[in-house]
Participant: 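Dumping the structure here so I can ask a few things about it.
Because the structure is a prediction, the values reported are computed rather than measured. Reminder, nothing fancy here: chain letters follow the sequence lines and each chain counts from 1.
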Number of protein chains: 4
Amino acid sequence: MTSTRPLRADASRNRQSLLAAAADEFAERGLNASVADIARRAGVGKGTVFRHFPTKDDLLAAIVLDRIDALNAVGERLLDAADPGAALSEFLTVAAEQRQQRDLSFLQEAGELNAEVTRVRAQLFQTVHRLVDRAREHGAVRADITGADVILLMCAPNYVTSYVPDASPDLWQRYLAIIFDGLRPEGAHPLPHPPPMSLDATHTPD
Amino acid sequence: MTSTRPLRADASRNRQSLLAAAADEFAERGLNASVADIARRAGVGKGTVFRHFPTKDDLLAAIVLDRIDALNAVGERLLDAADPGAALSEFLTVAAEQRQQRDLSFLQEAGELNAEVTRVRAQLFQTVHRLVDRAREHGAVRADITGADVILLMCAPNYVTSYVPDASPDLWQRYLAIIFDGLRPEGAHPLPHPPPMSLDATHTPD
Amino acid sequence: MTSTRPLRADASRNRQSLLAAAADEFAERGLNASVADIARRAGVGKGTVFRHFPTKDDLLAAIVLDRIDALNAVGERLLDAADPGAALSEFLTVAAEQRQQRDLSFLQEAGELNAEVTRVRAQLFQTVHRLVDRAREHGAVRADITGADVILLMCAPNYVTSYVPDASPDLWQRYLAIIFDGLRPEGAHPLPHPPPMSLDATHTPD
Amino acid sequence: MTSTRPLRADASRNRQSLLAAAADEFAERGLNASVADIARRAGVGKGTVFRHFPTKDDLLAAIVLDRIDALNAVGERLLDAADPGAALSEFLTVAAEQRQQRDLSFLQEAGELNAEVTRVRAQLFQTVHRLVDRAREHGAVRADITGADVILLMCAPNYVTSYVPDASPDLWQRYLAIIFDGLRPEGAHPLPHPPPMSLDATHTPD
DNA sequence: GATGAATGAGTATTCATTCAT
DNA sequence: GATGAATGAATACTCATTCAT
């Protein structure tokens, strides 16, 4: 949060290349993707990676940050939608599409990440909570469902399809639909366990 | 399948310690858990690990094998149950309980593992297919659900709760219930995507 | 053959230290010399070895390459000498001096080494063949001697003296002289076995 | 030299299997041949190897011992031969045949070996010295040749042919003949270096 | 005596990170 | 600012040797 003066043009270009390259490399190789490969893919020297991101983990955090921010923007926009049920459904669809593009599921391993991520994630959580509250009030989802539930279930469709070797890239739609059916009021059975109190945003559902 | 003569008493004890220690260590540290740490945890020398499991991957395979076998046994028993819907539900419950005990989700990263694993996994798949077929015929699950769907969704409850820092150990029950509601015929909406053809069992949903 | 831009000054210095240290270490400990020891002896970190030579074998190959190249250069120069007999003798002397400086006889154990080595070795073989042909035509060596014979016998003087614990460093001269006498036409007895067809240069007489 | 009571029948059989297996394995794999492989090849347990030979080096020593003893026996018998020149030639032939059967040239690496070996080797050296002295007195070898010279040159033919990939098993005969021609009085040129004083038999020309 | 299970020092190699150019 | 050379901790795996069975 040090008062970042704007980067020189080339530096900013490098930063972008790096984020893209890193996201690709991580998506392909998981957390073990090597900094050297990322640098090569970005067309810069290894040293440059560390000038921009003091640590491999910081690089990871930056990627996650971008992603969460983008998703949060979508969520906030949908808060004003006319049909709250459709809005929630749309939000989950966008979230899954985003995850599908680049599988960052391995992030689960990556422990706490940095504080900035936690902050942005907390924002996203707020947004989801509001989306869910509106949907619930509208009767679009069952009464016993919370924002936390949706946050947790949000990644399941992609997770689930990641096991299918040569899956259609849209297979997640099937499982999102099934899960969403489970969230609806119609035919709902009482739930055997209360929802988690709050997700402290230090962990990583995205 | 080499006609393994029964292990010496101490050797067999070591093998058990190793499997337990390795499962714990893998669960805590993921695939990068080091053989040295596993050995230390099991209270044996590093060399002993390799005597029992020529390769880190073989160790992993042994753990997975045990797990799948156990689960398959449960599934086969449930094939004879009176209520096919309850049987399927029971099966998913046992699967989740097993996964809850030790999280092996990192296995997703692991490549093919060995052939034995693939074989046993294929058996398990068969069992699940039969459980699902029976449940469907009984009207306990919707008509458009296949065995493959259930295999894929089976792990979702644990995956989802793994994001909650200090979750109640039974939280998965909540998400299994939601997902199972999504599988029921009541209130089902048509699914936007066909199910995957077949899971080739070289990959790792367990 | 990748268009290697010239190494940075320090890197090139390190490369030289490494080659020297490795040659010494190999000479003292044989093929089992450890990369760690080589690094220590060169005064660099272990990682630096692998930056310069991706593999222990590549390091070995580099050493061998240098040696063969140097010897070949001498041989080619001697092809123009006035007295072909003296030229051959001189060549064998230089070869033995080179080997005496650093004993690489352990190389016999080493497998194929890399293709570059094979290529350069084939060149050296050509050179020797020509030296021997000229000497034979001049009557300086017996008629039934081939280039292959000389290539094989070339290393014998050093091999032989390597058994003498505190030998004079010039002792090889004695055995080179004896062997060379065996190659002369005077007093030659017919040979009981034909010469080898061709040495395929994937093996390692140097 | 502890007053070895005669071995039990099976033990003695094991000892022989071991020596044979070890010689083969060493010949095929060099000094790095593993004790486990030797044991397997001999059809005994690994522990048995160490009961008979407290150390891998001791096993090696035992093999060498057998070999030297056998060769020495031949040498001593030839001391009484009618033609001292032929006797020396015959001796060198037998030595080369023996070495050809099983290549133990890697032994050079094997440092000092044990005292027993040194003792037996000293005997062999004596024998060779006497064979050479007789041959010299008879004019069968040049006057400036010593027993030490012959001991050293003795192994050269096998060494030299070990570089030829698919050599005829008798190729050594060619090089023994060349070297022997170099030892003859006819056409001998004066030698540029005095012979080594004495070979202290702690090193290993066989 | 024989066996093979256990041990741990040793090895090549990788990779995040630092720093001289 | 950018580069890539240097570093060394970490890792899977091997093998001579010891020792309980």
Participant: Among the candidates dA2(E), dT3(F), dA6(F), find the nucleotide nearest to the side-chain atoms of V44(A).
Facilitator: dT3(F)
Participant: Return whichever of G45(C) or R51(A) has its heavy-atom-nearest nucleotide of DNA chain F closer to the 5' end.
Facilitator: R51(A)
Participant: What are the two closest heavy atoms between L18(B) and T48(B), and how far apart are they?
Facilitator: CD1-O, 4.1 Å
Participant: Using only side-chain N and O atoms of H52(A), determine if any of them is under 4.0 Å from OP1 or OP2 of dG1(F).
Facilitator: no
Participant: Rounded to whole angstroms, how far apart are CZ on F26(C) and P on dT11(E)?
Facilitator: 13 Å
Participant: Grab the two heavy atoms, one from E116(C) and one from N114(C), that are nearest each other, plus how far apart they are.
Facilitator: N-OD1, 2.8 Å
Participant: Let me know the distance between CG of L60(C) and C1' of dA12(E), rounded to the nearest Å.
Facilitator: 14 Å
Participant: If you measure from CG on D24(C) to CZ on R29(C), what distance do you get to the nearest 0.5 Å?
Facilitator: 11.0 Å
Participant: Minimum heavy-atom separation for E28(A) to R41(A), with atom names?
Facilitator: OE2-NH2, 2.9 Å
Participant: What integer distance in Å separates R13(B):CZ from dA20(F):P?
Facilitator: 14 Å
Participant: Using the rule given for side-chain contact (heavy atoms from CB on, under 4.5 Å), can you reason through R99(B) versus L104(B), listing the C-alpha separation, both sets of side-chain angles and the distance that settles it, and then say yes or no?
Facilitator: CA-CA 7 Å; R99(B) 275 178 77 90; L104(B) 261 47; 5.9 Å; no
Participant: Just how far is it from atom CG of N32(D) to atom CG of D37(D), taken to the nearest 0.5 Å?
Facilitator: 11.5 Å
Participant: Rounded to the nearest angstrom, tell me the gap between atom CG in N14(B) and atom P in dT21(F).
Facilitator: 12 Å
Participant: Take V49(B) and T48(D), find for each the nucleotide of DNA chain E with the closest heavy atom, and name the residue whose nucleotide sits nearer the 5' end.
Facilitator: T48(D)
Participant: Wobble G-U and Watson-Crick pairs count when both distances are under 3.5 Å; given that, what is the 5' to 3' dot-bracket string of DNA chain F, with | for pairing to other strands?
Facilitator: .||||||||||||||||||||
Participant: Which side-chain N or O atoms in residues 53-65 of chain B pair as donor and acceptor under 3.5 Å with protein atoms at least two apart or in another chain?
Facilitator:
from: K56(B); atom 1: NZ; to: L31(B); atom 2: O; distance (Å): 2.9
from: K56(B); atom 1: NZ; to: A33(B); atom 2: O; distance (Å): 3.1
from: D58(B); atom 1: OD2; to: T55(B); atom 2: N; distance (Å): 3.4

Participant: Output the distance between atom CZ (R121(B)) and atom CG (D69(B)), rounded to the nearest 0.5 Å.
Facilitator: 12.0 Å
Participant: Generate the contact string for nucleotides 11-18 of chain F. Rules: B means base contact, S means sugar-phosphate contact only, - means no protein heavy atom under 4.0 Å.
Facilitator: -SBB-SBB
Participant: Rounded to the Å, how far apart are R40(B) CZ and dA9(E) P?
Facilitator: 12 Å
Participant: Inspect the contact between R13(C) and D10(C) and indicate whether a charged nitrogen and a carboxylate oxygen are less than 4.0 angstrom apart.
Facilitator: no
